[in-house]
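Some notes on the structure that comes next.
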Amino acid sequence: MGAPRIAVAVVTMGNRPDEVDALLESVAKQDVPPERIVIVGNGCPLPDFARLSLPGEVTAVELDENLGCPGGRNAALARLREFGDIDVVVDLDDDGLLVDPDVLRRVRDLYAADERLGIVGFRIADELGETQQRHVPRIGNSDPLRGGYVTGFLGGGHALRMTMLDEVGDWPAEFFFAHEETDLAWRAVDAGWRILYAPELLLRHPKTSPARHAIYFRVNARNRVWLARRRLPLALVPVHLGVWVLLTLARNRSSAGLRAWVGGFVEGVREPAGERRPMRWRTVWRLTRLGRPPVV
């Protein structure tokens, strides 16, 4: 098998044109260029990227409506499948930046060395080099510079093997935003694919809070319930949701946020959650052994 062929996918809502240009320039500086770059306008028109000197073939996809993070990434995957010449897709947030010129080369080498490597998670750090604890795919105060096999990854910067997606399915588009990475990660682990956190793969990203999104509290609650209903063995659903409810009540001090959260929780219980494909108990054990049991 030859070196994996890499594509870069970027989803944008059109409100960060300067950041997108900077990101694409950092992609152009990679010492191993991508075969393709797909840029998705999530409910927005896109500029003409011909003005930039970019490697590979650049494809712009303009969606009529905003399909959310997972829906936009699925649109990029659909276009890449039409081409049929890509092995690994690297998803990058539209306000991120590849600081080092060897990121794509390292991604290529990691996948070439391990045929069961399904997902590679990048380290995300702000302009000062700080990585927020919520961006480390382990429970507790974990060293962001410690790599290894994990059970989750960050949506802002990661790589996915296309054959893994063909087996386990694409992003859960109905989630729109929040917990879509966990849904995909659990399916990958259950199918026997490995997830590697590689902190040497750095994506610079502004320091943010997920609560900056107006819909955060509602969709976070709804999607958490959907996630449990879709992926957990039946006996673990009330345990997972019970622990999460207690943690949310202890941490949330905003009355408006709690009202939105309760509404989302009710929506998650009442509305169809999608296909129920619970993980096997041996997967529960594997998640627990890797330090992130699916009950928290």
Those residues at least two apart in sequence (or on a different chain) that pass side-chain contact (heavy atoms from CB on, under 4.5 Å) with Val295 are Leu236, Val239, Pro293
Rounding to 0.5 Å, atoms CZ (Arg222) and CZ (Phe177) come to a distance of 11.0 Å
Q.
Walk me through whether Leu160 and Leu184 qualify under side chain to side chain contact (heavy atoms under 4.5 Å, CB included).
A. CA-CA 10 Å; Leu160 307 172; Leu184 179 55; 4.2 Å; yes
Residues 32-45 vs salt bridge (charged side-chain N to carboxylate O under 4.0 Å, His left out), sequence neighbours excluded, gives Arg36-Glu57, Arg36-Asp85
Distance col, row Thr59:OG1 vs Ile37:CD1, nearest 0.5 angstrom, shows 9.5 Å
Stepwise side chain to side chain contact (heavy atoms under 4.5 Å, CB included) test for Val27 and Leu92 | CA-CA 10 Å; Val27 171; Leu92 301 172; 4.1 Å; yes
Check this for me, if you would: do Lys207 and Glu130 make a salt bridge, where the nitrogen-to-carboxylate-oxygen distance has to be below 4.0 angstrom? yes
Linked, directly or transitively: Leu24 and Val99 (ILVMFWY side chains, under 4.5 Å):
no
Return yes if some donor-acceptor pair links the side-chain N/O of Glu180 with the main-chain N/O of Phe175 below 3.5 Å, else return no. no
Asn223 meets the side-chain hydrogen bond (donor to acceptor under 3.5 Å, both in side chains) criterion, sequence neighbours left out, with none
Shared ILVMFWY cluster between Met279 and Ile195, side chains joined below 4.5 angstrom? yes
Rounded to the nearest 0.5 Å, the CH2 atom of Trp193 sits from the CE atom of Met164 at a distance of 7.5 Å
(request) Look at the rings of His205 and His135 and say which category their plane angle falls in: under 30° parallel, 30 to 60° tilted, over 60° perpendicular. (result) perpendicular
Across all chains, not counting sequence neighbours, the side-chain hydrogen bond (donor to acceptor under 3.5 Å, both in side chains) partners of Glu127 are none
On a heavy-atom basis, the closest approach of Ala228 and Val237 is O-CG2, 3.5 Å
So CG of Leu77 and CD1 of Ile86: to nearest 0.5 Å the spacing works out to 11.5 Å
Evaluate the side-chain proximity of Val8 to Leu104: yes if any heavy-atom separation is below 4.5 Å, no if none is. yes
For Val284 and Pro294, the nearest pair of non-hydrogen atoms, with its separation, is CG1-CG, 4.0 Å
Looking at Asp100 and Asp102, would you say the former's side chain and the latter's main chain have a donor-acceptor pair under 3.5 Å?
no
Note: Ala188 and Val168 closest approach over all heavy atoms is CA-CG1, 4.2 Å
Check: Any donor-acceptor pair under 3.5 Å linking the side chain of Tyr111 with the backbone of Gly118?
Finding: yes
Between Pro70 and Phe176, the two heavy atoms sitting closest are CD-O, 3.0 Å
Exercise. Please test Val89 against Met162 for side chain to side chain contact (heavy atoms under 4.5 Å, CB included), starting from the C-alpha separation and ending with a verdict.
Key: CA-CA 7 Å; Val89 57; Met162 296 292 287; 4.1 Å; yes
ask   = Is it true that a side-chain atom of Asp87 and a backbone atom of Arg5 form a donor plus acceptor pair closer than 3.5 Å?
value = yes
According to a hydrophobic-cluster definition based on side-chain heavy atoms being under 4.5 Å apart (Ile, Leu, Val, Met, Phe, Trp, Tyr only), do Leu227 and Leu241 belong together? yes
Is it the case that atom CZ in Arg204 sees more than 12 heavy atoms from other parts of the structure closer than 6.0 Å? no
Using modelled atom types and a 3.5 Å cut-off, is there a donor and acceptor pairing between side-chain atoms of Arg73 and backbone atoms of Trp171?
no
(Q) Run the side chain to side chain contact (heavy atoms under 4.5 Å, CB included) test on Val20 and Leu46 for me, step by step, so that the C-alpha distance in whole Å, both residues' side-chain angles and the decisive distance to 0.1 Å come before the verdict. (A) CA-CA 11 Å; Val20 171; Leu46 293 171; over 6 Å; no
By side-chain hydrogen bond (donor to acceptor under 3.5 Å, both in side chains), Arg51 pairs with (sequence neighbours left out) Asp21
Hits for ring-ring contact (aromatic ring centres under 6.0 Å, His included) against Trp261, two or more places apart or cross-chain, chain-then-number order -> Trp244, Phe265
Residue pairs meeting salt bridge (charged side-chain N to carboxylate O under 4.0 Å, His left out), one or both in residues 24-33, sequence neighbours left out, come to Asp31-Arg105
In this structure, would Leu98 and Phe49 fall into the same cluster of hydrophobic residues linked by side-chain contacts under 4.5 Å? yes
The reported gap from CG in Leu232 to CH2 in Trp186 (rounded to nearest 0.5 angstrom) is 4.5 Å
Would a distance-only check, ignoring hydrogens and angles, find a side-chain to backbone donor-acceptor pair under 3.5 Å from Arg229 to Leu234?
no
Exercise. How about Leu202 and Val103: do any of their side-chain heavy atoms sit closer than 4.5 Å?
Worked result: no
List the atom pairs, donor and acceptor, that lie under 3.5 Å between side-chain atoms in residues 142-157 and the rest of the protein, sequence neighbours left out.
unit_1, atom_1, unit_2, atom_2, d
Asp143, OD1, Leu145, N, 2.9
Tyr149, OH, Asp114, OD2, 3.4

Taking every heavy atom of Asn66 against every heavy atom of Met13, the minimum-distance pair comes out as ND2-SD, 3.2 Å
d(Ile124 CD1, Thr131 OG1) to nearest 0.5 Å is 8.5 Å
- Are any non-hydrogen side-chain atoms of Asp94 and Glu19 less than 4.5 angstrom apart? no
Same cluster for Val40 and Leu67 if Ile/Leu/Val/Met/Phe/Trp/Tyr side chains link at under 4.5 Å?
yes
Note: Arg138 and Tyr197 closest approach over all heavy atoms is NH1-CD2, 4.0 Å
Over 12 foreign heavy atoms within 6.0 Å of CH2, Trp281 | yes
Would the distance check show the side chain of Asn42 and the main-chain N or O of Leu63 forming a donor-acceptor pair, the cut-off being under 3.5 Å? no
By side-chain hydrogen bond (donor to acceptor under 3.5 Å, both in side chains), Asn220 pairs with (sequence neighbours left out) His179
Across all chains, not counting sequence neighbours, the salt bridge (charged side-chain N to carboxylate O under 4.0 Å, His left out) partners of Asp109 are none
Residues pairing under salt bridge (charged side-chain N to carboxylate O under 4.0 Å, His left out) where one sits in residues 230-248, two or more places apart or in two chains, turn out to be Glu174-Arg230, Asp183-Arg230, Asp183-Arg231
CZ/Arg116: more than 12 non-hydrogen atoms of other groups inside 6.0 Å: yes
Applied to residues 279-296, the salt bridge (charged side-chain N to carboxylate O under 4.0 Å, His left out) test, sequence neighbours excluded, yields Asp190-Arg280
